[in-house]
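Everything on this sheet refers to the single structure shown next.
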There are 2 protein chains.
Amino acid sequence: MGPPGSENWHAMLDGAEAILRDEGHAALTSRRIAEQIGVKQRLVYYYFRTMDDLVVEMFRRLSERELARLEEASRAALPLREIWDVCVDTTDARLVSEFMALAARIDGLAKEVIYFIEKSRAIQVETVRKAMAQSKRTFGLSAEALTMLATSVALALKREDELGVRSAHAETRALIQGMLEELEPA
Amino acid sequence: MGPPGSENWHAMLDGAEAILRDEGHAALTSRRIAEQIGVKQRLVYYYFRTMDDLVVEMFRRLSERELARLEEASRAALPLREIWDVCVDTTDARLVSEFMALAARIDGLAKEVIYFIEKSRAIQVETVRKAMAQSKRTFGLSAEALTMLATSVALALKREDELGVRSAHAETRALIQGMLEELEPA
DNA sequence: GTCTATACACCGATAGAC
DNA sequence: GTCTATCGGTGTATAGAC
């Protein structure tokens, strides 16, 4: 078995990510990954025992990056705005759809996805709670409910944006911006 | 080509829907559909020229049903509560993920998905607008923004529910129920 | 309309040389 | 570590008989 964290290991996951993002998981095959990074197919099975293992590792690496980004955002001067930007700008809705579909088939992936959602939600709720306490504005909402609303709508906006739908987006973005303005004055 | 709307045509789409829901789109093959309804594989290509065509027809039939259900809900005595129930109880988040992933690959499907989102949003926004006018409660929100919030969070709740995540759900459901109580007193 | 049979491509995974 | 070669299976789609 090839060493996790080695150059080829990362190159394969990079290639897999690009393929999943651009072509969908029907195209995510060991042959396609090998071609993408210029090695032979056999090598993929040297670094990852099975394709399912590769998918799980891909998500794990991605979610670790994403959690680190969230942690960093939560320590910024205006953490709420920073987290909103992470959710709405850097998150790839296409990848989310693909991983959700895959998670229904790969048990190990579902576990990782659950861990990621709960971990990121904890960070977000804590940040919202602090902002509410500091600004003394809650809009009559619990930190949990506001977090759930914001992350749900961020993903929906991104997903529809990628698809080409724009109805109700302007009004929704304006609402979020208004709340940010009150919770976290610039 | 087999006649659209015929018994076999519907049986094949029923089978396809069950497979997509239970096993995911990796298992959605002409062989599997034929086996499911007890015919030979060749017949699938008699009723649908290609597998992509079948997927598009499957979504079209499903979204027509869903729009009819929404229209009916919008004419109920308590339309907002009825629409919320449609979104949060009968919508299958697994199917949504699968179709979103497929839409990125099949152009014809993306067109149908866009049409469905815009059509259903129009119905929902109109219903919210009327409820706001009647109850004289707006929470400082536009009908568009409230609709977007509600549908986004409904899908997220359902998706996480199916996955086994529960954090922040109780608070979010309580919030929605509270708003329904004010906008549409029982 | 429904079938048998099949062409052809591509998949995951492994054996084993170097 | 990286390769060539290959096995067994399965996919879409079509030819053509009945």
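Per chain, numbering begins at 1; letters A, B, ... match sequence-line order.
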Compare the minimum distances between each of C:dA13, D:dT12, C:dT4 and the side chain of A:Thr50, then state the nucleotide with the smallest one. C:dA13
By nearest atom, which of the nucleotides D:dG1, D:dT12, C:dG1 is closest to the A:Pro3 side chain?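 Closest of the options to the side chain of A:Pro3: D:dG1.
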Does B:Tyr46 put a side-chain nitrogen or oxygen below 4.0 Å from OP1 or OP2 of C:dT2?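 So the side chain of B:Tyr46 is outside the cut-off, no N or O lying under 4.0 Å from OP1 or OP2 of C:dT2.
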Separation of atom [atom1] in [X] from atom [atom2] in [N], rounded to whole Å:
X: B:Gln41; N: D:dG11; atom1: CD; atom2: C1'; value: 9 Å
X: A:Phe48; N: C:dT14; atom1: CZ; atom2: P; value: 16 Å
X: B:Tyr45; N: C:dT4; atom1: OH; atom2: P; value: 16 Å
X: A:Asp53; N: C:dG12; atom1: CG; atom2: C1'; value: 13 Å
X: A:His25; N: C:dC11; atom1: NE2; atom2: C1'; value: 14 Å
X: B:Glu7; N: C:dG1; atom1: CD; atom2: C1'; value: 13 Å
X: B:Leu54; N: D:dG11; atom1: CG; atom2: C1'; value: 15 Å
X: B:Ile33; N: D:dG11; atom1: CD1; atom2: P; value: 11 Å

Between A:Leu20 and B:Met100, is there shared hydrophobic-cluster membership here, with clusters defined by ILVMFWY side-chain heavy atoms closer than 4.5 Å? no
With sugar-phosphate meaning primed atoms plus P, OP1 and OP2, does A:Tyr47 contact a base, only sugar-phosphate, or nothing at under 4.0 Å between heavy atoms?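 Since only primed, P, OP1 and OP2 atoms lie under 4.0 Å of A:Tyr47, the category is sugar-phosphate.
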Which comes earlier along DNA chain D counting from the 5' end, the contact point of A:Arg31 or that of A:Arg42, where each point is its nearest nucleotide? A:Arg42
Does a side chain donor of either B:Thr90 or B:Arg69 reach within less than 3.5 Å of an acceptor in the other side chain?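 Result is yes, a qualifying pair exists.
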Salt-bridge criterion met for A:Arg61 and A:Glu64 (N-O under 4.0 Å): no
Can you tell me if B:Glu23 has over 12 outside heavy atoms packed within less than 6.0 Å of its CD?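 Count over threshold, so yes.
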For B:Tyr115, look at atom OH and say whether over 12 heavy atoms of other residues, nucleotides or ligands are found less than 6.0 Å away.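 Counting other residues, nucleotides and ligands, OH of B:Tyr115 stays at 12 neighbours or fewer.
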Toward the 5' end of DNA chain C, which comes first, B:Leu43 or A:Arg49, by nearest nucleotide?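 Taking each residue's closest nucleotide, the earlier one in sequence belongs to B:Leu43.
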